[in-house]
Amino acid sequence: MAQRAEELSLFVIDEGDNETLLSHRISSDDIYRKQNDETYHSVNKETTVDGIKVRAYCPVGKSDQGRLALDVAVKALDIYKKYGAMENYGLITYRESELLYDNLYSTAVNKQRVAIVVTHEVAHQWFGNLVTMEWWTHLWLNEGFATWVSYLVTDTLFLEWEIWTKFLEDTAGGLHLDALETSHPIEVEIHHARSIDEVADDI
Ligand SMILES: [Zn+2]
């Protein structure tokens, strides 16, 4: 089997830029310059216990704000590995508000949000290609499990947050909706990819 670089990058990105970013990732540079000259760099680098390189690319001047996400990702990889196989190679892109955390100016809710989002996306990585759903109809399986397990890992990393109380708060909305006569099954047949937004509600 071909040797594969075991690297995972977290990247702040605008939507629609993924393709150029992927080809950049393969070259493994520390700096990424967009066409409009906006520059991102991965000052933040860590290695997991197993030697998996993890990097967080942030806009220049905001590298410090990527530390939390990087730290969470590295620890999450080590935890997920205990449960089984990992797919560590890859690139995960995030909105700036979901990846960056400022020690001075961000709120406690921001910190929890970054932890939940990073552990959620790394969970998708952990499932690997084997359990990627065949079609959007089964999206709930991926998302349901990634959501649950993100709280499990966040709880392990930040016990003092008692994050399961927030899990209840975050999932109760779905139960409210589900109590209505207009509720729908968790699994909804999707006939066209453009319809997926219609089922992405709290249920
Ligand atoms: Zn997800």
Side-chain angles (χ1 to χ4, degrees), residues 6-15 18 21-22 25 44 46 48 52-58 65-102 106-133 136-175 177 186-187 196-197 199-203:
E6 293 265 279
E7 278 194 25
L8 180 66
S9 297
L10 315 176
F11 212 112
V12 167
I13 192 71
D14 302 326
E15 279 174 42
N18 289 5
L21 191 53
L22 266 177
R25 260 286 306 133
N44 297 318
E46 288 281 347
T48 67
I52 312 297
K53 272 189 221 155
V54 185
R55 310 199 265 187
Y57 284 85
C58 304
Q65 297 176 34
R67 292 296 314 170
L68 172 71
L70 180 70
D71 191 46
V72 167
V74 168
K75 289 176 178 162
L77 285 179
D78 284 331
I79 293 171
Y80 285 135
K81 204 205 75 185
K82 290 188 195 141
Y83 291 94
M86 280 291 305
E87 287 236 348
N88 293 308
Y89 177 77
L91 166 79
I92 307 176
T93 57
Y94 297 82
R95 282 185 208 137
E96 194 165 317
S97 61
E98 319 262 44
L99 190 74
L100 301 187
Y101 172 78
D102 188 306
S106 300
T107 64
V109 171
N110 290 143
K111 192 170 184 179
Q112 292 186 340
R113 179 71 189 156
V114 167
I116 290 288
V117 172
V118 169
T119 51
H120 178 111
E121 302 308 335
V122 175
H124 281 307
Q125 203 77 16
W126 168 49
F127 301 161
N129 295 329
L130 283 179
V131 287
T132 301
M133 75 275 180
W136 297 103
T137 300
H138 301 105
L139 183 66
W140 68 274
L141 272 175
N142 273 27
E143 294 308 330
F145 189 61
T147 299
W148 180 79
V149 90
S150 70
Y151 283 84
L152 182 75
V153 171
T154 301
D155 186 53
T156 309
L157 297 179
F158 303 96
L159 204 56
E160 69 281 10
W161 289 353
E162 298 185 14
I163 200 76
W164 286 112
T165 55
K166 188 164 161 35
F167 177 79
L168 277 184
E169 193 186 296
D170 291 347
T171 50
L175 299 178
L177 275 183
I186 288 179
E187 185 170 315
I196 54 173
D197 276 352
V199 297
D201 60 16
D202 282 351
I203 294 178

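Predicted model, so just to flag it, every value in this text is computed and none were measured.
Here CG of D102 is found 11.0 Å from OG1 of T107. Values are rounded to the nearest 0.5 Å. Separating the OG1 atom in T93 from the CD atom in E98 is a distance of 11.0 Å, to the nearest 0.5 Å. With values rounded to the nearest 0.5 angstrom, L77 atom CG is found 11.5 Å from E46 atom CD. Residue T147 holds its OG1 atom at 4.5 Å from NE2 of H120, rounded to the nearest 0.5 Å. Of the inter-residue distances, the one linking K111 atom NZ with Y101 atom OH reads 4.5 Å to the nearest 0.5 angstrom. L100 contributes atom CG, which lies 13.0 Å from atom CZ of R95 (distance to the nearest 0.5 angstrom).
Applying the salt bridge (Lys or Arg N to Asp or Glu O under 4.0 Å) test to every pair with at least one member in residues 68-79, sequence neighbours left out, gives these pairs: D71-K75.
The heavy-atom pair separating K166 from Y151 by the smallest distance is C-CE2, 4.3 Å. The minimum heavy-atom distance linking A56 with L70 is given by the pair N-CD1, 3.9 Å. In plain terms, the two heavy atoms of G66 and C58 that are nearest each other are CA-SG, 3.7 Å. The shortest heavy-atom contact between T154 and T119 is OG1-OG1, 3.3 Å.
Take E121 and apply the side chain to side chain contact (heavy atoms under 4.5 Å, CB included) test, not counting sequence neighbours, and it matches I92, Y94, V117, H124. Remark: F145 engages W126, F127, W148, V149 in a side chain to side chain contact (heavy atoms under 4.5 Å, CB included) (not counting sequence neighbours). Under the side chain to side chain contact (heavy atoms under 4.5 Å, CB included) criterion, D202 pairs with L177, not counting sequence neighbours. Remark: D155 pairs with no residue by the salt bridge (charged side-chain N to carboxylate O under 4.0 Å, His left out) rule, at least two apart or across chains. Not counting sequence neighbours, E143 has no partner by the salt bridge (charged side-chain N to carboxylate O under 4.0 Å, His left out) test.
Two residues are said to be in side-chain contact when any heavy atoms from C-beta on lie closer than 4.5 Å; I79 and T156 meet this criterion. Contact annotation: the side chain of Y80 never approaches that of Q125 to less than 4.5 Å [non-hydrogen atoms, C-beta and beyond].
Taking the six-membered ring where the residue is Trp, W164 and F167 present perpendicular rings, their angle passing 60° and hence far from 30°.
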